[in-house]
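All figures in this text were calculated on a predicted structure; none of them were measured in a lab. The residues of the chain are indexed from 1 along the displayed sequence.
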Amino acid sequence: MKYGLVWNLFTCFAVALVFLQCYCSAAGVVTCSGMVPMVYRSDKISITDFGAVGDGETLNTKAFREAIYRIEHLKRRGGTLLYVPPGVYVTEAFNLTSRMTLYLAKGAVIKATQDTSNWPLIAPLPSYGRGRERPGGRYMSFIHGDGLHDVIITGENGTIDGQGDVWWNMWRQRTLQFTRPNLVEFKDSRGIIISNVIFKNSPFWNIHPVYCSNVVIRYVTILAPPSSPNTDGIDPDSSSHVCIEDSYISVGDDLVAVKSGWDQYGIAYGRPSNDITIRRITGSSPFAGIAVGSETSGGVTNVLAEHITLSNTGIGIHLKTNIGRGGIIRNITISNVFMENVRKGIKIAGDVGDHPDENYNPNALPVMKHIRIKNVWGEKVLQAGLIKGLKNSPFTDICLANIHLSGSSGSRNDPWTCSDVSGGAVQVSPSPCSELISRSQTGVCTIPF
């Protein structure tokens, strides 16, 4: 292969990214993406150098594994870029390595095989104690990274296609032996960038950073049919310093859901999710737009979600937990949200989600406090909101401001429903439940406008 022209294009791409970041900064666009700088790698190889054929039929597992083995063992200074040219490359699941960039050209598709018989199994996450769907282990994610650092998945909006329908059908027919694979998972990793790639048809969750730090996910498109089960878009899980920005997500479950472990296993593991920013996300889902939970046993703190646009969605904003979870959910700020054609605008509830087994502790009650939701507009919202705390662990300091959720033209939406909650509300319509007393009367909430 003649590399000159291709590598010059890479150089231009890298320079363009730097220019774009500088331009956005100068233009005043707020971004958290600088926490992990984009790295230009001078060493580059192509997947076709290892015999890959992009005809949509040839199985290219050997090529991907050999290419990544080469990157791992030669350890070029500055790492190596693995180029995937235009074409459809079918492959089984594979592992990434540190200090590499997986670069998908325009028109490049990495497609998962639908032969599940040889799909590798891995151990359950310790904070879950078992597979999320089935006892025992779990199928490895299609593209997997464990214990890595300095990894980039990017390109020119090439596609990673999980071909999930075979897995969805097994779920519907109840023939799954183990928990379905995620599309991309990074575990115990740091310094991760995922950008400018289309993800589609994940068997299970799409992008799952777990036990990770310093993760940037930006300029991605995530697609799955509304009927596809559990195809969450992005699920930061027991992870810290995560930046999710400027993306479009249309899937069969929550667009973004912040998690931190499941009942007694998550409590024992004790790793929270914290310092997570979710910004400029657009999408639709039959479930939630922006969610926390329901697996929150390690705790979730310091989450900011802002400039969110939702349509044709089940629940706009959903903070969810359950008895047996334990964990503290606090310092959650959600602002500047527009939603249209939504079943329920805001739901904060302590009775959501199942349990891994009968050994969970029903006295392990979650704590939900210091929640700020402000500047939310909604049209065609059937019910404005529901806030349902726990009798023995009421939700406290729940504050709403400048929220306007209207029903369909000519009709009123259902009123708020609340129990076991305290806090405040100002400029909220329809009028919130009595448990949320006007800030103008009590000063209980301090929400800047």
Side-chain angles (χ1 to χ4, degrees), residues 254 257-260 263 287-297 299-301 303 305 313-334 337 339 342-355 360-374 376 378 381-407 412-447:
D254 300 343
V258 182
K259 303 175 182 289
S260 67
D263 285 7
F287 287 88
I290 301 301
V292 172
S294 71
E295 305 91 331
T296 54
S297 299
V300 176
T301 61
V303 175
T313 297
I315 302 170
I317 299 164
H318 196 184
L319 311 185
K320 46 185 172 174
T321 185
N322 207 342
I323 61 169
R325 294 286 194 264
I328 300 176
I329 303 171
R330 65 182 175 189
N331 297 345
I332 312 296
T333 300
I334 302 173
V337 179
M339 59 183 76
V342 172
R343 190 173 69 251
K344 195 182 304 290
I346 298 169
K347 182 177 180 180
I348 306 174
D351 61 352
V352 179
D354 55 355
H355 304 284
Y360 75 92
N361 179 5
N363 295 316
L365 300 180
V367 173
M368 179 100 64
K369 63 181 181 180
H370 198 73
I371 309 298
R372 300 290 183 266
I373 302 176
K374 60 184 180 178
V376 179
V381 179
L382 293 182
Q383 183 183 17
L386 179 151
I387 305 177
K388 186 177 182 181
L390 296 169
K391 182 177 180 181
N392 294 322
S393 184
F395 297 165
T396 61
D397 196 20
I398 310 298
C399 296
L400 312 177
N402 194 26
I403 296 175
H404 305 280
L405 303 172
S406 62
R412 299 183 62 182
N413 50 14
D414 294 335
W416 289 78
T417 302
C418 300
S419 63
D420 300 305
V421 59
S422 64
V426 59
Q427 296 182 18
V428 176
S429 65
S431 296
C433 36
S434 60
E435 289 87 346
L436 300 179
I437 304 168
S438 171
R439 185 185 72 164
S440 60
Q441 296 176 356
T442 67
V444 68
C445 291
T446 55
I447 302 181

**Asked** Is the shortest side-chain N to carboxylate O distance from K320 to D254 below 4.0 Å?
**Response** yes
**Asked** Going from OG1 on T296 to CD1 on I329, what distance comes out if it is rounded to the nearest 0.5 angstrom?
**Response** 4.0 Å
**Prompt:** Which heavy atom of V352 sits nearest a heavy atom of R325, and at what distance?
**Reply:** O-NH2, 3.8 Å
**Message:** Checking the side chain of T313 only, and the main-chain atoms of V342 only, is there a donor and an acceptor separated by less than 3.5 Å?
**Reply:** no
**Item:** Sequence-distant partners of K344, salt bridge (Lys or Arg N to Asp or Glu O under 4.0 Å), two or more places apart
**Value:** none
**Request:** Of all the heavy-atom pairs spanning L390 and P366, show the shortest one and how long it is.
**Result:** CD1-CD, 3.5 Å
**Request:** Please confirm whether the backbone N or O of P430 pairs with a side-chain atom of W416, one donor and one acceptor, at under 3.5 Å?
**Result:** yes
**Request:** I would like to know whether N331 and V303 meet side chain to side chain contact (heavy atoms under 4.5 Å, CB included); could you show each step before the answer?
**Result:** CA-CA 7 Å; N331 297 345; V303 175; over 6 Å; no
**Distance (rounded to the nearest 0.5 Å) between I403 CD1 and I334 CD1** = 9.5 Å
**Item:** Contact check, side chains of V300 and S260, non-hydrogen atoms, under 4.5 Å
**Value:** yes
**Message:** Between T417 and Q383, does the side chain to side chain contact (heavy atoms under 4.5 Å, CB included) criterion hold? Intermediate values first, please.
**Reply:** CA-CA 9 Å; T417 302; Q383 183 183 17; 3.4 Å; yes
**Fill in**
Closest non-hydrogen contact found for L319 with I371 is CD1-CG2, 3.6 Å
**Prompt:** Got a second to check how far E435's CD is from D420's CG, nearest 0.5 Å?
**Reply:** 8.5 Å
**Item:** Residues in salt bridge (Lys or Arg N to Asp or Glu O under 4.0 Å) contact with D414, at least two apart in sequence or another chain
**Value:** none
**Message:** The test is side chain to side chain contact (heavy atoms under 4.5 Å, CB included); show your working for R372 and D397 and say whether it passes.
**Reply:** CA-CA 8 Å; R372 300 290 183 266; D397 196 20; 3.1 Å; yes
**Request:** Drop me the distance from T321's OG1 to E295's CD, to the nearest 0.5 angstrom.
**Result:** 9.5 Å
**Check: V376 and M339 side chains under 4.5 Å, non-hydrogen atoms** = yes
**Message:** Under a 3.5 Å distance rule, please check whether N322 uses its side chain to pair with a backbone N or O of G353 as donor and acceptor.
**Reply:** yes
**Request:** Mind checking the CD1-CG spacing from I346 to L400? Nearest 0.5 Å is all I need.
**Result:** 5.5 Å
**Complete:** Closest non-hydrogen contact found for V428 with A425 is CG2-CB, 3.9 Å
**Non-hydrogen atoms of P362 and I323 that approach each other most closely** = O-CB, 4.1 Å
**Between OG on residue S393 and CD1 on residue I328, distance to nearest 0.5 Å** = 9.5 Å
**Item:** For the student: nearest non-hydrogen atoms of I387 and F395, plus distance
**Value:** CG2-CD1, 4.5 Å
